[in-house]
Amino acid sequence: MATRLCSCTLPLLLLLLALKQSPLHASDTLTTNQQLSGNQKLISQDGSFALGFFQPAGSNGKWYIGIWYNKIPEQTSVWAANRETNDRNFVVLVNHSKSPIRSTNIKNNTAVSSTVAVLLNNGNLLVRHESNTSAVLWQSFDDITDTWLPGNKLSHNKKTGIVKRMTSWKDRGDPTPGMFSIGLDPKGSTQYVLLWNSSVVYWASGNWTGNSFIGVPELSPTNSYPNSGYTFQFVDNDEETYFTYTVKSDVQIFTRAIIDVSGLFQAFVWMEAAQAWVTFFTQPKAKCSVYGMCGESSMCSENAASSCSCLKGFTENNPNNWILNDNTAGCRRNVPLKCVNNSTVTKQDRFYLINNVKLPDSADIVNAANIHDCELICLSNCSCTAYSHNGTCLVWHDHLMNLQDSAGGSSDRIFIRLDASEIPNSGTKKWWIMCIIIGGFIILSLGITIVYFLYKRSRICSINQGDGPLISFKYSDLQFLTRNFSERLGAGSFGTVFKGVLPDTTTVAVKKLEGFRQGEKQFRAEVSTIGNIQHMNLIRLLGFCSEGAKRLLVYEYMPNGSLDKHLFDSGSVTLSWKIKHQISVGIAKGLAYLHEECRDCIIHCDIKPQNILLDASFIPKVADFGLAKLLGRDFSRVLTSMRGTIGYLAPEWISGEAITTKADVFSYGMMLFEIISGRRNLEHRETSMETFFPMLVARKLLEGEVPGLLVEGLINGADERELERACKVACWCVQGNESSRPTMGEIVKILEGVIDVDMPPVPRYLEVLAEGSENVKFFSYEATK
Ligand SMILES: *[C@@H]1O[C@H](CO)[C@@H](O)[C@H](O)[C@H]1NC(C)=O
Ligand SMILES: *[C@@H]1O[C@H](CO)[C@@H](O)[C@H](O)[C@H]1NC(C)=O
Ligand SMILES: *[C@@H]1O[C@H](CO)[C@@H](O)[C@H](O)[C@H]1NC(C)=O
Ligand SMILES: *[C@@H]1O[C@H](CO)[C@@H](O)[C@H](O)[C@H]1NC(C)=O
Ligand SMILES: *[C@@H]1O[C@H](CO)[C@@H](O)[C@H](O)[C@H]1NC(C)=O
Ligand SMILES: *[C@@H]1O[C@H](CO)[C@@H](O)[C@H](O)[C@H]1NC(C)=O
Ligand SMILES: *[C@@H]1O[C@H](CO)[C@@H](O)[C@H](O)[C@H]1NC(C)=O
Ligand SMILES: *[C@@H]1O[C@H](CO)[C@@H](O)[C@H](O)[C@H]1NC(C)=O
Ligand SMILES: *[C@@H]1O[C@H](CO)[C@@H](O)[C@H](O)[C@H]1NC(C)=O
């Protein structure tokens with residue numbers, strides 16, 4: 001590590017003055033002419049912050065000088081020098097009149113005697129006089145990047161007119177200033193505004209009322225989380241206006257506000273128990289109102305799992321950033337426009353209609369008698385990319401920005417210009433082409449009708465070769481089989497499930513997927529992967545339907561419904577220990593198969609009793625696997641917006657770290673506690689901490705008295721050794737540290753008594769949950785919003 005660092009970094013220079021040259025110890029102070037190089041760093045006195053060279057993930061090997069949290073394992077930078085130039089020399093130069101300037105080129109030995117640089121406990125780097133601490137020449141707080149730390153002021157200097165503004169990084173690996181910024185309104189009001197390209201205001205906080213900002217009542221001293229920890233101050237005098245917040249000295253928390261690469265202004269607090277940054281404030285609330293969040297030629301969707309999607313005929317400009325939820329690069333055409341201005345030519349560009357949208361920004365209004373004229377006007381100008389007509393003709397030139405789907409409450413129609421090849425069956429149709437098409441259609445319909453009747457008669461499922469063993473249903477088939485979706489079985493995380501009966505009288509469960517924006521081809525590919533997975537403890541996918549925007553999955557039907565009903569419903573008969581054990585082992589086997597034996601490892605991501613189905617003999621079948629992949633990268637957002645799932649989420653979900661199979665292990669552990677106790681884990685936290693079952697078990701185990709649980713009547717007729725093993729496994733599964741958790745394969749063996757397991761430590765993460773501390777209350781509030 002050290003050698004790699006040295007080979008590609010240059011010294012950090014501060015004030016080129018000819019004075020002492022002493023070796024550098026781990027210290028918070030750099031004196032004149034001292035150098036930092038390689039992995040040397042300055043560390044603030046209390047150890048909170050470090051200054052040195054860092055390499056943001058995805059920076060393509062570039063190193064930056066910056067400040068980061070020294071005590072937090074997840075690399076979190078709060079300041080970067082030379083963002084624009086990525087110069088590895090950092091020079092603070094002070095001119096004669098003591099007005100500091102920052103430069104990378106000027107090597108001017110202008111002498112200011114005895115100057116030092118000090119990294120303070122609040123993350124501020126000061127350049128000041130060696131003996132006079134109040135003679136500050138320069139500070140990093142004045143050179144704010146994308147992070148607003150407690151104690152820093154986001155100000156507007158009324159004398160100079162200078163607004164101190166935070167600017168987002170260009171992308172997650174590049175600190176170069178991006179498109180989004182936040183600062184006080186340059187027009188002089190007392191509100192903060194979020195700006196795109198330094199000019200377009202896309203959010204404003206509202207003026208300061210004396211207690212809070214009009215548009216952000218939650219950010220007030222009395223209403224904030226954790227309400228005792230912060231102090232707020234808004235100052236508006238003749239010289240300057242600023243807002244600042246501080247963390248009270250007795251509260252040991254790290255908190256920061258950032259302007260994210262996707263244009264959101266967010267505040268985080270570090271949750272020690274979860275080892276993760278948790279968001280407690282985000283603006284704007286409606287993501288699609290961030291100007292240009294989805295970039296050009298894409299559609300923003302407030303409710304869908306992934307907010308941005310390219311329009312038909314367009315592809316992501318930067319797929320790598322797209323995966324990291326940074327869509328600002330937008331989309332580009334697959335096929336350039338021909339732009340032939342001659343309506344008799346068949347190669348002329350065509351238009352693709354999108355209904356129910358909120359129209360893009362900056363349209364030009366033109367005079368057109370009707371919609372046809374409007375189209376011709378657009379066609380006649382090569383830079384015209386779209387039009388819309390509802391009485392007035394609107395046309396767009398070059399860039400289409402901020403197009404939003406109907407969730408925005410708007411019902412306009414827009415016609416997007418595409419090359420003719422992007423729209424099948426377009427072009428001027430000659431009569432014989434029409435004849436062939438119509439003739440073909442009639443023959444095809446006849447064929448389909450015959451096949452359909454044969455299929456109904458023979459009661460053999462038609463098999464679509466391209467999709468493996470899966471049946472590709474038509475939507476109308478499913479409408480018919482489910483009697484127009486009349487019998488609802490339940491509502492899952494991804495959509496509603498209906499009961500249906502196939503022509504061969506097999507009962508099936510038909511799931512209508514919601515919030516889907518995946519292309520047909522990708523959907524088929526994923527579905528076919530899921531269809532190939534067959535295991536006794538995994539629910540079988542029998543078929544699917546993908547028609548237009550409709551996506552449905554057809555599963556085998558489980559007469560005993562889902563596990564949660566049997567565990568928690570007061571009306572149902574309590575499951576015997578034997579059945580519970582069978583269920584626990586079965587689920588573990590199913591998951592072990594998904595994790596270890598499938599061709600591509602599949603992480604379920606949403607293990608909970610609702611997703612475990614029971615067949616007639618109470619053999620468990622894991623449902624909904626593979627959907628995480630179907631939904632793609634934004635799965636975590638879907639998850640955390642779901643009420644009730646929070647109790648099963650592993651801490652790494654909140655931190656945004658890479659999710660491994662161990663996240664499933666955590667959820668499995670939480671569920672195992674519920675299977676054992678027959679009660680919900682989280683319910684009990686609210687009534688009494690003492691009965692938070694997972695903690696009770698952990699403590700009892702350590703006291704060596706699992707049989708004690710039996711006396712309390714929690715579990716009837718349990719095999720004591722099986723029970724103890726199950727309790728131990730559950731405790732191991734919910735360890736905060738992924739590597740402490742066993743694999744699913746190991747769990748199967750432990751539960752079956754094939755291998756032994758040590759006494760688990762009390763899970764730290766659960767301890768926090770059990771205490772019902774401020775953190776956790778807040779944490780579950782955020783997650784259920
Ligand atoms: C030095 O400071 C003065 C006063 O602030 C300023 O006008 C001048 O531009 C500075 N010199 C340089 C080289 O920046
Ligand atoms: C360095 O400082 C001197 C004054 O001390 C000034 O005359 C000269 O222009 C400066 N050099 C540069 C490169 O700014
Ligand atoms: C320390 O610096 C401040 C600000 O430059 C100045 O007002 C003060 O007089 C200095 N004190 C001493 C003892 O030099
Ligand atoms: C905010 O304050 C400014 C003056 O400071 C005023 O012009 C403006 O109307 C105020 N805005 C609102 C929404 O009250
Ligand atoms: C941002 O603004 C600048 C100047 O106002 C302009 O030249 C530039 O084209 C704008 N960038 C975009 C992407 O619109
Ligand atoms: C349009 O194209 C056709 C065939 O290519 C040609 O005969 C006609 O003159 C063109 N019309 C114009 C206005 O260019
Ligand atoms: C396209 O053709 C129409 C009429 O045929 C004409 O009025 C218009 O100027 C032409 N536009 C271009 C860009 O050639
Ligand atoms: C096309 O539209 C743009 C923007 O309105 C305009 O500047 C340009 O002159 C137009 N071109 C033609 C050929 O009409
Ligand atoms: C057409 O759209 C404009 C802008 O969205 C709207 O103000 C107007 O009411 C619409 N007209 C009709 C007839 O719907």
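Just follow the structure's listing: the first ligand is 1, and inside any ligand the first atom is 1.
Side-chain contact between L418 and R333 is present, with heavy atoms from C-beta onward closer than 4.5 Å.
For ligand 5, the 4.0 Å heavy-atom shell contains residues M179, W196, N197.
Residue contacts with ligand 4: S189 is placed with no nitrogen or oxygen under 3.5 Å of a nitrogen or oxygen of the ligand (distance criterion only). Considering backbone and side-chain N/O of H397, one or more are found under 3.5 Å from N/O of ligand 8.
Here Y291 and W203 keep their ring centres 6.0 angstrom or further from each other. The six-membered or imidazole ring of F213 lies near that of F243, with a centre-to-centre distance under 6.0 Å.
Using bins of under 30°, 30° to 60° and over 60° for the plane-to-plane angle, the ring pair F234/W208 lands in the parallel bin. The aromatic rings of Y64 and F54 lie tilted to each other, with the angle between the two planes from 30° to 60°.
L337 approaches C382 most closely through the heavy-atom pair CD1-O, 4.4 Å.
Ion pairing between a basic and an acidic side chain is recognised when a charged N comes within 4.0 Å of a carboxylate O; K338 and D419 show such pairing.
Within ligand 8, the atoms closer than 4.0 Å to a non-hydrogen atom of S383 are 1 (C), 2 (O), 3 (C), numbered from 1 in the order shown. Within the listing of ligand 8, atoms 1 (C), 2 (O), 3 (C), 8 (C), 10 (C), 11 (N), 12 (C), 14 (O) sit less than 4.0 angstrom from a heavy atom of N381.
Checked by atom type and distance alone, the side chain of N197 never pairs as donor or acceptor with a backbone atom of S199 at under 3.5 Å.
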